[in-house]
Amino acid sequence: MPIKIERRQPVNLYRKRREAQFRDRIPLAAIAKYGALTIAGLLLFRAGQAHALIERGYEALGGEAFALFLPGMYWMTSRITRDILDIKEDKHDGE
């Protein structure tokens, strides 16, 4: 009985990962949203820094630095809210 040998194209898992482009994985709307949040955070930081300089009379870094974390805080808040709503929906579906 003869043995049949099939030849296949070699599969490289790393090459498969490289084929997926960055823009395919992340929606353009999310990039635009977080870009706008970053710019808003920078503008709020600069405005807060100017206001703090007028109020204090000297240059220092205080609470206005938290405006730079605006995209991260937005992401965390939206994830927590989404998880809470999912839990509530699951509770109501079970009743």
Side-chain angles (χ1 to χ4, degrees):
M1 172 177 220
I3 298 174
K4 183 177 179 183
I5 298 175
E6 293 182 22
R7 298 211 178 246
R8 297 183 181 181
Q9 292 290 334
V11 177
N12 186 347
L13 297 176
Y14 297 108
R15 184 176 296 151
K16 290 285 186 185
R17 287 184 192 151
R18 258 188 271 136
E19 287 175 5
Q21 295 291 325
F22 180 71
R23 63 178 178 263
D24 293 340
R25 292 180 296 186
I26 299 176
L28 186 60
I31 294 171
K33 177 174 55 175
Y34 286 105
L37 284 169
T38 302
I39 291 171
L42 288 171
L43 291 174
L44 283 171
F45 171 72
R46 297 293 291 175
Q49 195 176 29
H51 180 72
L53 176 63
I54 293 169
E55 194 172 300
R56 293 184 199 126
Y58 59 92
E59 217 172 300
L61 192 62
E64 67 271 8
F66 283 102
L68 296 173
F69 300 114
L70 187 63
M73 288 188 285
Y74 176 82
W75 178 79
M76 286 187 291
T77 306
S78 65
R79 288 295 300 246
I80 291 169
T81 305
R82 217 176 304 141
D83 288 345
I84 290 171
L85 292 175
D86 286 345
I87 289 171
K88 285 185 179 181
E89 284 178 8
D90 290 343
K91 240 184 207 182
H92 290 297
D93 289 343
E95 291 177 1

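Keep in mind it's a predicted model, so treat the numbers as computed, not measured.
Taken together through direct or relayed side-chain contacts under 4.5 Å among Ile, Leu, Val, Met, Phe, Trp and Tyr, L42 and L70 form parts of separate hydrophobic clusters. Transitive grouping of hydrophobic side chains (ILVMFWY, heavy atoms separated by less than 4.5 Å) brings M76 and L37 into a common cluster.
In this structure, CG on D86 lies 8.5 Å from CZ on R82, to the nearest 0.5 angstrom. Distance check: I80 CD1 to W75 CH2 gives 9.0 Å after rounding to the nearest 0.5 Å. Here the OG atom belonging to S78 is positioned 12.5 Å from the CE atom belonging to M73, to the nearest 0.5 angstrom.
Within a 6.0 Å sphere centred on OH of Y34, heavy atoms belonging to other residues, nucleotides or ligands number more than 12.
The minimum heavy-atom distance between Q49 and E64, with the atom names listed, is N-CG, 3.9 Å. What you find for R56 and L61 is that their closest heavy atoms are NH1-N, 4.4 Å.
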